[in-house]
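Encoded as structure tokens, the structure appears first; notes follow it.
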Amino acid sequence: MDAKGLTSQKEQTAAMAELIADLRKMINNPEYSDVDFVCQDRVRVHGCRHFLTARSPVLKRMLVPGTRELPLPDISSTVLLSLLEYLYTGTMVEYAPLNSRKAYEVITGARYFQLQHVDKLTREFLVNSTATVGDDLTKAALRLSVALEFGTLSSELEILSIEFVRVLNSKNMEPVHLQALSEKAFRYFLHKTKSKSELGTLSFGEYLRFRQIILWCASQVCPEEAADVVNLSLPDSKGALMFLRDSSKAPATDEAQWSYLRSILLRKEDPGNPMASLLSLVDLRRIHPELLMKVVEPLHLVPPADVLKAYQFQALERPRMFAKDSVCTWEHGTAYKTIGDGSTLQKVEAEIGFARATIAIFRPFGIYEWDIIIEQLCHQFCEIGFHFVSRLQSGKINFNGSTLAQQPTGWALNMDITEGTRINFRGGEGTPIWVPYEKDFGHVNARIRVQLDLYERVCSFSVDGDEFQLAWSHLLDGIYFPAVSLGKGNEGRVRIELIVATIWRPRYNRNLQLEQSSFLGGG
């Protein structure tokens with residue numbers, strides 16, 4: 001060492017390490033301390049007034065001359081030791097937070113003492129440690145429960161909570177996972193996984209939501225029996241689909257066991273019983289009527305008045321449901337008129353526009369087929385497909401001025417006199433994106449069959465009995481209306497016939513995966 005001090009980086013590093021090691025000896029050492037902190041857990045932690053007041057303006061205000069003891073009722077001794085290690089050494093090694101709860105507590109303490117660097121370092125630790133959760137549902141449930149205990153802080157770090165929700169929603173949670181979720185965390189999970197589809201669609205995810213609430217409530221009061229009892233009475237996604245295939249296969253409820261569980265779940269003298277408020281988060285109107293009648297209602301967990309309202313809505317306020325052999329009429333703009341029994345659509349004006357059926361498809365599963373028969377050729381082009389909406393709309397739709405394919409949610413098979421047969425790519429606003437598709441169908445008496453498969457979320461076509469390749473996949477939950485556009489001139493006439501309302505086709509794996517994904521927010 002020369003007169004200029006330490007010159008090499010190595011010497012400076014060694015000196016700094018030695019200083020930190022010596023300062024670490026001062027942490028909670030009564031030999032070097034002149035003030036005691038009395039913590040939340042009633043543990044006394046020793047500190048050096050002169051050192052700490054120099055490091056923290058908050059402590060400088062608190063540790064006025066003569067102070068020998070300072071109560072800290074909101075900070076535990078383990079958290080204070082982490083903060084003191086930083087104040088003495090500029091590091092957190094020996095007392096670093098090793099779990100998420102301790103990390104949130106350290107951040108809270110750091111903000112109390114205005115230690116911004118500790119706040120930043122600990123938040124980085126929380127973000128980095130999220131990767132260790134992986135696909136472990138129990139870890140995700142525990143981390144989410146801890147995060148939501150810290151109010152404003154959890155809002156600032158909501159990206160972590162959302163990641164835990166994603167993990168929890170990636171698989172079916174068993175009672176052991178649900179038991180690890182606090183009520184606040186479970187409510188947060190339900191809020192973030194709520195279907196975004198609105199009234200007018202039946203949602204399989206809404207039934208799964210109901211089942212999950214009952215399973216969570218049961219896991220809180222009798223975790224060892226919850227799974228067996230609930231699974232018997234409330235079938236999982238695969239069992240529920242099997243039941244909808246054959247409604248005679250109703251769930252086999254063990255009445256004695258279920259009565260016992262129900263008596264606990266509905267215990268009214270318990271003011272902390274959350275089941276009623278949790279069930280209010282389920283929209284019974286969107287649960288399939290067969291499931292509502294044969295599965296949900298017999299459990300006597302939902303007030304009869306609420307079930308009745310759901311039945312009334314399904315019977316009176318939904319649009320007419322697609323059903324085999326029903327007479328289907330059209331709604332349209334000024335370019336069209338209906339003739340006969342209303343199932344035949346005639347082009348009467350040269351302006352472009354589209355028309356859609358008055359019968360809707362809004363079940364989240366099933367196979368639907370309808371035929372469009374060309375009775376008179378259209379001028380230049382003809383479009384056949386469906387119009388999709390995510391919810392029932394108020395007011396009138398503008399059917400004039402744009403074709404079906406030009407609608408933001410219009411899906412069309414197009415036969416163009418110059419371009420040939422093509423389909424629009426996932427609907428398009430303004431100019432459609434066209435993809436070539438199969439053979440022409442532009443002749444009188446051509447019968448174009450549309451097959452909409454909502455088990456697989458796909459659509460395909462056939463012409464005069466010849467099946468075409470798949471047209472679209474990954475279709476969304478929502479309301480589908482058969483729809484057409486009949487050229488630019490005043491010629492063209494088509495008739496619609498409803499062929500099949502629902503056919504069961506058990507393809508569980510892919511279908512169930514889609515149903516689970518819709519539960520997260522696709523509806």
Side-chain angles (χ1 to χ4, degrees), residues 99-100 130 132-149 160-195 203-243 251-254 257-258 260-266 273-275 277-279 281-282 287 291 295-296 299 301 508-522:
N99 56 61
S100 60
T130 302
T132 65
V133 172
D135 59 356
D136 189 321
L137 299 187
T138 302
K139 281 186 180 179
L142 290 170
R143 291 279 188 95
L144 181 61
S145 297
V146 168
L148 293 178
E149 289 181 25
L160 304 183
S161 298
I162 291 174
E163 172 61 16
F164 300 144
V165 168
R166 185 198 66 76
V167 173
L168 292 171
N169 201 46
S170 65
K171 299 179 182 178
N172 289 323
M173 281 193 283
E174 300 297 333
V176 65
H177 310 126
L178 291 166
Q179 192 179 2
L181 278 174
S182 67
E183 181 183 341
K184 190 172 184 178
F186 186 55
R187 288 182 182 276
Y188 181 87
F189 172 82
L190 291 174
H191 171 70
K192 290 300 180 182
T193 56
K194 182 174 176 57
S195 167
S203 170
F204 194 55
E206 205 70 20
Y207 165 75
L208 296 179
R209 186 181 184 82
F210 173 85
R211 181 181 184 275
Q212 199 162 48
I213 287 173
I214 301 303
L215 196 54
W216 180 85
C217 291
S219 71
Q220 303 303 302
V221 296
C222 50
E224 294 180 358
E225 303 168 274
D228 291 339
V229 178
V230 173
N231 286 338
L232 273 176
S233 305
L234 285 168
D236 60 12
S237 52
K238 181 176 179 178
L241 286 173
M242 287 293 291
F243 166 69
T253 302
D254 185 320
Q257 277 189 304
W258 184 253
Y260 165 71
L261 181 59
R262 183 167 56 230
S263 68
I264 298 176
L265 294 175
L266 294 177
N273 187 349
M275 191 180 72
S277 61
L278 288 171
L279 287 178
L281 302 176
V282 177
I287 295 178
L291 289 170
V295 178
V296 174
L299 300 180
L301 294 173
Y508 292 121
N509 293 339
R510 182 178 176 188
N511 177 51
L512 295 180
Q513 183 180 2
L514 287 164
E515 290 295 353
Q516 289 295 332
S517 66
S518 70
F519 184 39
L520 176 59

Using side chain to side chain contact (heavy atoms under 4.5 Å, CB included), reason through Asn169 and Lys192 one step at a time and then give a plain yes or no. CA-CA 10 Å; Asn169 201 46; Lys192 290 300 180 182; over 6 Å; no
What are the two closest heavy atoms between [X] and [Y], and how far apart are they?
X      : Y      : result
Arg187 : Leu281 : NH1-CD1, 4.4 Å
Gln212 : Phe186 : O-CZ, 3.8 Å
Leu137 : Lys171 : CD1-CB, 4.0 Å
Leu168 : Ala141 : CD2-N, 3.8 Å
Ser182 : Ser145 : N-OG, 2.9 Å
Val167 : Ala140 : CG1-CB, 3.8 Å

Go through the steps to decide whether Val282 and Tyr207 satisfy the test side chain to side chain contact (heavy atoms under 4.5 Å, CB included), and finish with yes or no. CA-CA 8 Å; Val282 177; Tyr207 165 75; over 6 Å; no
OG1 of Thr130 to CD of Glu163: how many Å apart, nearest 0.5 Å? 7.0 Å
Distance in Å, Leu278 CG paired with Phe210 CZ, rounded so as to fall on 0.5 Å steps: 11.5 Å
Using atom types as modelled and distance alone, determine if a side-chain donor or acceptor of Ser100 lies under 3.5 Å from a backbone N or O of Arg143. no
Is a donor on one side and an acceptor on the other found under 3.5 Å between the side chain of Lys184 and the backbone of Leu148? yes
Please determine if Arg211 and Asp236 form a salt bridge, counting it only when a charged side-chain N lies under 4.0 Å from a carboxylate O. no
Pairwise side-chain contact, Val296 with Leu301, heavy-atom cut-off 4.5 Å (strictly under): no
Show the numbers, then the answer: is there a side chain to side chain contact (heavy atoms under 4.5 Å, CB included) between Lys139 and Phe164? CA-CA 9 Å; Lys139 281 186 180 179; Phe164 300 144; over 6 Å; no
Mind listing the side-chain donor-acceptor pairs of residues 213-223 below 3.5 Å, one per line with the distance, residues two or more places apart or on another chain?
{"residue": "Trp216", "atom": "NE1", "partner": "Leu178", "partner atom": "O", "Å": "3.2"}
{"residue": "Trp216", "atom": "NE1", "partner": "Leu181", "partner atom": "O", "Å": "3.1"}
{"residue": "Ser219", "atom": "OG", "partner": "Leu215", "partner atom": "O", "Å": "3.4"}
{"residue": "Ser219", "atom": "OG", "partner": "Trp216", "partner atom": "O", "Å": "2.7"}
{"residue": "Gln220", "atom": "NE2", "partner": "Leu178", "partner atom": "O", "Å": "3.4"}

